[in-house]
Amino acid sequence: MSLQTRTPLVAGNWKMNGLLSSLDEVRSLVKILKSKQAANSEIAICPPFTLVGAMAECLRESDVAVGGQDCHPDQSGAHTGDISAEMLADSGARYVIVGHSERRHDHKESDLVINSKVQAVWRAGLVAIMCVGETETQRDQGKTLDVVTGQLHNSLPDGATAENAVIAYEPVWAIGTGRVPANSDVAEVHAAIRGHLKERFATGGEMRILYGGSVKGSNASELMAIPNVDGALVGGASLRAEDFDAILEAYRP
Ligand code: 13P
C-alpha cells in the first residue's frame, strides 16, 4: 500500500501540563482550523486525565480527537490512582498513548506491561499510540535498530491492525531537547519499523508510524516528507494553538 493511502496523524501530548484554563488554547485551535484550509491529516490532543472529559466536550463539534496518555491493563478494580482504558473511552477519548519513554523511565514500565496496556486499549475499543525509541547511549553504541525492533516485538501484541494501532518513534534524546536526528536516521528507523510491521501484520503496510521528538513548525515539513513518516507526536509545541497549527501546515495543500 502506498504512502498516500495512510492518512497522517498529528497528535499532541500535553504530558503533565494544562489546567481547565488551558482549554482556551483548544478553543483557539478550533477557530484557527475553521479559518484555514483543512489539513490532510487527522488531529488529536492527549491532555492529562483531568482534562480528557472537558476537552472532549470542547472538541465535540470539531474533527479533533482526544486521547489519554496511559492506562492500567485492567478494566476496573483496586488500583489506587490508576485509570482504565474503559474510563478514557467513557470520557470521550479515542486514542491512548502507551509506552511513552517517560513512563518506561519514570514508572519502570517493561515491554510486557506495555503489551498488556495495548491490549487494554483495544478491549476498550480505542486506538493505541505505542511509543518506541532508543536512548542516546543506545544510539552511540549502534543499537538503535535492535532496541526499536525489540520494543516492537515485545510491546506490540499480535492483533495489531492499521485501525487499532499507531506506532510513534521517539528517540529519547530528541524529546524536549531541540535536537532532531538526521533525516537519513529517521528514514532508516522508520523503514525498519515498517519492515517489522509488514512482516508481522496483514495491514502492516497501512499502519501509521509517527515521528516524535522536538517537532515544531520550523522542522515539521521536512520531517513529515521523510518516507514512512505518517505524522507526528508533539510535546511542547502542542501546548499553544499557534505552535500546534504551525505543525499542521506541513499537511496543508
Ligand atoms: P517534545 O515535542 O516536547 O520534544 O516531546 C515529544 C514527546 O515526547 C511527545 O510524546
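Quick note: residue numbers are just sequence positions, from 1.
With no hydrogens or angles considered, a side-chain donor-acceptor pair links Tyr95 and Glu42 at under 3.5 Å. Residues His100 and Gln69 bring no donor and acceptor atom of their side chains to less than 3.5 Å of each other. Side-chain polar atoms of Thr135 and Gln138 form a donor-acceptor pair below 3.5 angstrom.
The pair Glu57-Arg60 meets the salt-bridge criterion, since a charged nitrogen lies less than 4.0 angstrom from a carboxylate oxygen. By the 4.0 Å N-to-carboxylate-O rule, Asp146 lies too far from Lys143 to be salt-bridged with it.
With hydrogens and angles disregarded, no donor-acceptor distance shorter than 3.5 Å links the side chain of Arg6 to the backbone of Ala162. Using a distance-only test at 3.5 Å, with no hydrogens or angles considered, a donor-acceptor pair links the side chain of Arg200 to the main chain of Leu152. Panel note: side chain Asp74, backbone Ser76; no donor-acceptor pair is recorded below 3.5 Å. Not a single donor-acceptor pair under 3.5 Å links the side chain of Glu206 to the backbone N or O of Thr5. Distance alone, capped at 3.5 Å, is enough to place a donor-acceptor pair between the Asn154 side chain and the Gly150 backbone. Under a 3.5 Å cut-off, the side chain of Gln119 and the backbone N or O of Pro73 do not form any donor-acceptor pair. No donor-acceptor distance shorter than 3.5 angstrom exists from the side chain of Glu222 to the backbone of Asn219, with no hydrogens or angles considered.
Counting heavy atoms from C-beta on, the side chains of Ile45 and Ser238 never come closer than 4.5 Å.
With sequence neighbours excluded, no residue forms a salt bridge (Lys or Arg N to Asp or Glu O under 4.0 Å) with Lys216.
For the side-chain contact (heavy atoms from CB on, under 4.5 Å) with His190, the qualifying choice from Asp185, Ile226, Val229 is Val229, the only one to do so.
Counting non-hydrogen atoms of other residues, nucleotides and ligands closer than 6.0 Å to NE2 of His107 gives a total above 12. For Glu242, the CD atom counts as loosely surrounded, since its 6.0 Å shell holds 12 or fewer non-hydrogen atoms of other residues, nucleotides or ligands. Applying the 6.0 Å contact sphere to NZ of Lys31 captures no more than 12 heavy atoms from other residues, nucleotides or ligands. Residue His105 places its NE2 atom among 12 or fewer non-hydrogen atoms of other residues, nucleotides or ligands, all under 6.0 Å distant.
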- Begin with the C-alpha distance, continue with both residues' side-chain angles, and end with the deciding distance and a verdict on side-chain contact (heavy atoms from CB on, under 4.5 Å) for Val127 and Asn164. CA-CA 4 Å; Val127 180; Asn164 68 17; 5.6 Å; no
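Evaluation of the side-chain hydrogen bond (donor to acceptor under 3.5 Å, both in side chains) test over residues 83-92, restricted to residues two or more places apart or in two chains, returns Glu86-Arg123.
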